Number of protein chains: 2
Amino acid sequence: MTNTKEYIKINCMDCKVKSKPFQKLTAEQMNKVDEHRTELSFKKGELLSKQGMFMSHVIYIRKGFVKLYLENDDDITILTIAKPGTFIGVQALYGEAVFPFSAEALTDVEVCLKDINVFRELVLENSEFAKGIIETLNVDLIKSYNRLFSLTTKQINGRFSELLLYMSNVLYESNPFQLTISRKDMADLISTSPESVSRLMSEFKEQGIIKGQGHTIEILDDIRLDTICKCG
Amino acid sequence: MTNTKEYIKINCMDCKVKSKPFQKLTAEQMNKVDEHRTELSFKKGELLSKQGMFMSHVIYIRKGFVKLYLENDDDITILTIAKPGTFIGVQALYGEAVFPFSAEALTDVEVCLKDINVFRELVLENSEFAKGIIETLNVDLIKSYNRLFSLTTKQINGRFSELLLYMSNVLYESNPFQLTISRKDMADLISTSPESVSRLMSEFKEQGIIKGQGHTIEILDDIRLDTICKCG
DNA sequence: TAATAATTGTGATATACATCACTTTTCTAA
DNA sequence: TTAGAAAAGTGATGTATATCACAATTATTA
C-alpha cells in the first residue's frame, strides 16, 4: 500500500498520543492491536493514501499535518486538514475496502498503521470502542455538512475569513501562526483560485484585519473576521 | 419537540420497514425500543425537526420523502433527501443533543420516534447494532464528501445532470419519474437559482436529453447525462 | 368554478470570480 | 552563493451564473 520507511516501535500501552477510542481497550485488546500495526514516517509532500487504493490499514496520525482530498483529473477538493490524533480510513471502515480519498503529508508526518480487520474486530468486541468510533464519525459528518453549507452559501471573503479563524483557532491553535500550507492549498480549502487568495490576503492586510509576511499571519481583528464570515 | 399527531402503534417485532441495525436486536432489546417509541405522521410541508432544537428522539422514516437542510437567514443548503428506511438524528447521536439540521416533509410522511437514550444504550449493549450505525454513518460521510466535490468542482449543467440521474436511479428508482420536489428544491440541491433550473430543463429538453411536462420527467439519454456529469 | 396566489419560464442585465499574462519574491539545489 | 524553478502578487479581461423584471402557467381556496 505505502512504502515502508523506518521503524520506531513503541508499545501501544505506552503510546502518548492514544486516541479516545483506543483508551477504552483492555490490555489484551491493546496487545492484539500491537501485534498488527506498523509505525511509519513520511516526508512533506509524500502520499499516505491514494483515493481508490486498497485499504489494508487504518492510518493514525501521531505527528504532523495531513491534507485529505478528493481528486479527479485536475480538480481537487480538500476535505479537511488532519491533525495528530486523527484516524484516516474509519470514514470507510465498512463498505469497499478502499481509501475514499487521497492523503498527502503537509509536514513531516509520523503515523501508526493498524490492521483494518483488527479494527473491525474491536468494534464487535468492545462497545465503548464502537461508541468512540461513532462519536468520531458524528463529528466528521457535522463538519462536512457545515462545510457544504459554507461553500455553497458564502462568497470568497466570507469563506476566507472562516479559513483564517479556523487556522488560528483549530488548526494551529495560536495567533500569530506559521502557515504550513500553500496559497494553492488555501484556495483548494475554500474552493477558489490561488490568485484570489493572494488578493484577499492583500486586501485584509490593507484593511488592518490581519498582518504578517511570508508564512506568518497574525489576526488583528477577529471580531471583524467573524462579521465578514456571517454577513459576507 | 414535534406536535403529536395520530397513533397507529404496531409492534416493533412485526415492523415491515425495519432498518438494518434494528434487525440485529434481540427480542428483549426490541421490546425495550417498543416501550420508548411513538409513531407519527406529518403532512407535506410540515417540519419534522428544526436545526438547533433539543433532540429527544431519533426519527425513523417509515414512509415518504423528507428534505434535510441547513439554514441561516435566507440561505439554505439541502444536505440530502431522506427516503423510507433512513434515520434522522444518528448523525448527531453523541455530542450536543440537538438536531444538526432541519427536516421538512416533502410528501405526507410516516415516522417512528425512538428515544435517543434507548438508542445510545443499544450501541453499548449490542455491538452488531453499533456496527450497523457505523455503516450508516460511513455511507453518509462518503456521500457528503462526494457532494462537496461535486458542488465545488462542477458547473451547473454537470450538477444538474447528476441530479437527474440521482432522481431517476436513487430517489424515485424509476424512469420516467414523478417529481415530488419543486424547482426551488432542485436549485437548493445543486446550489443554483430556480431560474437556472428552469433554463437547464428547457435546454435539456431541446437537446433531446430529457422529455416530459409538469411534474413528469423522462430521461432519454442517460449516457449523455453521464458524460456531462463527468466532463462538464 | 372563478379568483387569487404560488410556482415556473424566459429574456436582459449585472457581477463575483476565474483566467490569463506578467512581475516579483521565495525556495531549492548544484 | 548563485542559477533556476517554484510560489506568490497584481492588473486586465472574460465568463458562468445570479439577479431582475415580467409573462405564463399551475395550484389553491373561497
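In what follows, chains carry the letters A, B, and so on, assigned in the order in which the sequence lines appear, proteins first and then strands, with residues in each chain numbered from 1. What you see is a predicted model, and the numbers here were worked out from it, not measured in a lab. Note: hydrogens, waters and symmetry copies are ignored here, and every other heavy atom, side chains too, is used.
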Distance, rounded to the nearest Å, where [X] contributes [atom1] and [N] contributes [atom2]:
{"X": "B/Phe160", "N": "D/dA16", "atom1": "CZ", "atom2": "P", "value": "18 Å"}
{"X": "A/Met201", "N": "C/dT24", "atom1": "CE", "atom2": "C1'", "value": "16 Å"}
{"X": "A/Leu200", "N": "D/dA8", "atom1": "CG", "atom2": "C1'", "value": "14 Å"}
{"X": "B/Glu203", "N": "C/dT10", "atom1": "CD", "atom2": "C1'", "value": "11 Å"}
{"X": "B/Phe204", "N": "C/dG9", "atom1": "CZ", "atom2": "C1'", "value": "17 Å"}
{"X": "A/Lys205", "N": "D/dT10", "atom1": "NZ", "atom2": "P", "value": "8 Å"}
{"X": "B/Asp74", "N": "D/dT19", "atom1": "CG", "atom2": "P", "value": "11 Å"}
{"X": "A/Gln213", "N": "C/dT25", "atom1": "CD", "atom2": "P", "value": "12 Å"}

Could you check B/Ser198 against A/Lys44 and say which one's nearest nucleotide on DNA chain C is further toward the 5' end?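 So the residue in question is B/Ser198.
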Let me know, please, whether A/Gly214 or A/Ser191 comes out on the 5' side of the other along DNA chain C by nearest nucleotide.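 Per heavy-atom nearest nucleotide, the more 5' residue is A/Ser191.
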Would you mind reading off the bend of the helix from C/dT1-D/dA30 to C/dA30-D/dT1 from its two end axes, five pairs each, to 10 degrees? 60°
Looking only at the side chain of B/Ser202 (C-beta and beyond, no hydrogens), which of the listed nucleotides C/dC17, C/dT10, D/dT17 gets closest? C/dT10
Any idea which of D/dT17, C/dT10, D/dG9 is nearest the B/Glu195 side chain?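 Nucleotide nearest to B/Glu195's side chain: C/dT10.
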Indicate yes or no: does [X] engage [Y] in a salt bridge with an N to O separation below 4.0 Å.
{"X": "B/Glu46", "Y": "B/Lys44", "result": "no"}
{"X": "B/Glu71", "Y": "B/Lys50", "result": "yes"}
{"X": "A/Arg147", "Y": "A/Glu162", "result": "no"}

Does A/Ser196 make a side-chain N or O approach to OP1 or OP2 of C/dA18 shorter than 4.0 Å?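 For A/Ser196, the contact criterion (side-chain N or O under 4.0 Å from OP1 or OP2 of C/dA18) is met.
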Determine whether the aromatic ring centres of A/Phe54 and A/Phe99 lie less than 6.0 Å apart.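 No, the ring centres sit 6.0 Å or more apart.
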More than 12 foreign heavy atoms under 6.0 Å from CD of B/Glu206: is that the case here? no
With a sphere of 6.0 Å drawn around CD of A/Glu96, does it hold more than 12 non-hydrogen atoms of other residues, nucleotides or ligands? no
Could you report the tightest heavy-atom contact between B/Ile88 and B/Leu48, atom names first, then the distance?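 Between these two residues, the closest heavy atoms are CD1-CD2, 4.4 Å.
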For DNA chain C, what residues of residues 63-73 of chain B have any heavy atom nearer than 4.0 Å? none
hbond_proxy B/Arg199 side chain to D/dT19 base (donor-acceptor, 3.5 Å cutoff):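 Donor-acceptor pair under 3.5 Å: yes.
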With a non-hydrogen cut-off below 4.0 angstrom, is A/Ser182 in contact with a base, only sugar-phosphate, or nothing? sugar-phosphate
Base, sugar-phosphate, or nothing for B/Ser193, non-hydrogen atoms under 4.0 angstrom?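 Result for B/Ser193 = base.
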Within a strict 4.5 Å, meaning less than it, do heavy atoms of the A/His57 and A/Ile116 side chains meet? no
Single hit among B/Leu68, B/Ile190, B/Asp188, B/Ile181 for side-chain contact (heavy atoms from CB on, under 4.5 Å) with B/Ile78: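 Exactly one pass, corresponding to B/Asp188.
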Verify, without hydrogens or angle tests, whether B/Thr216 (side chain) and B/Gly212 (backbone) share a donor-acceptor contact under 3.5 angstrom. no
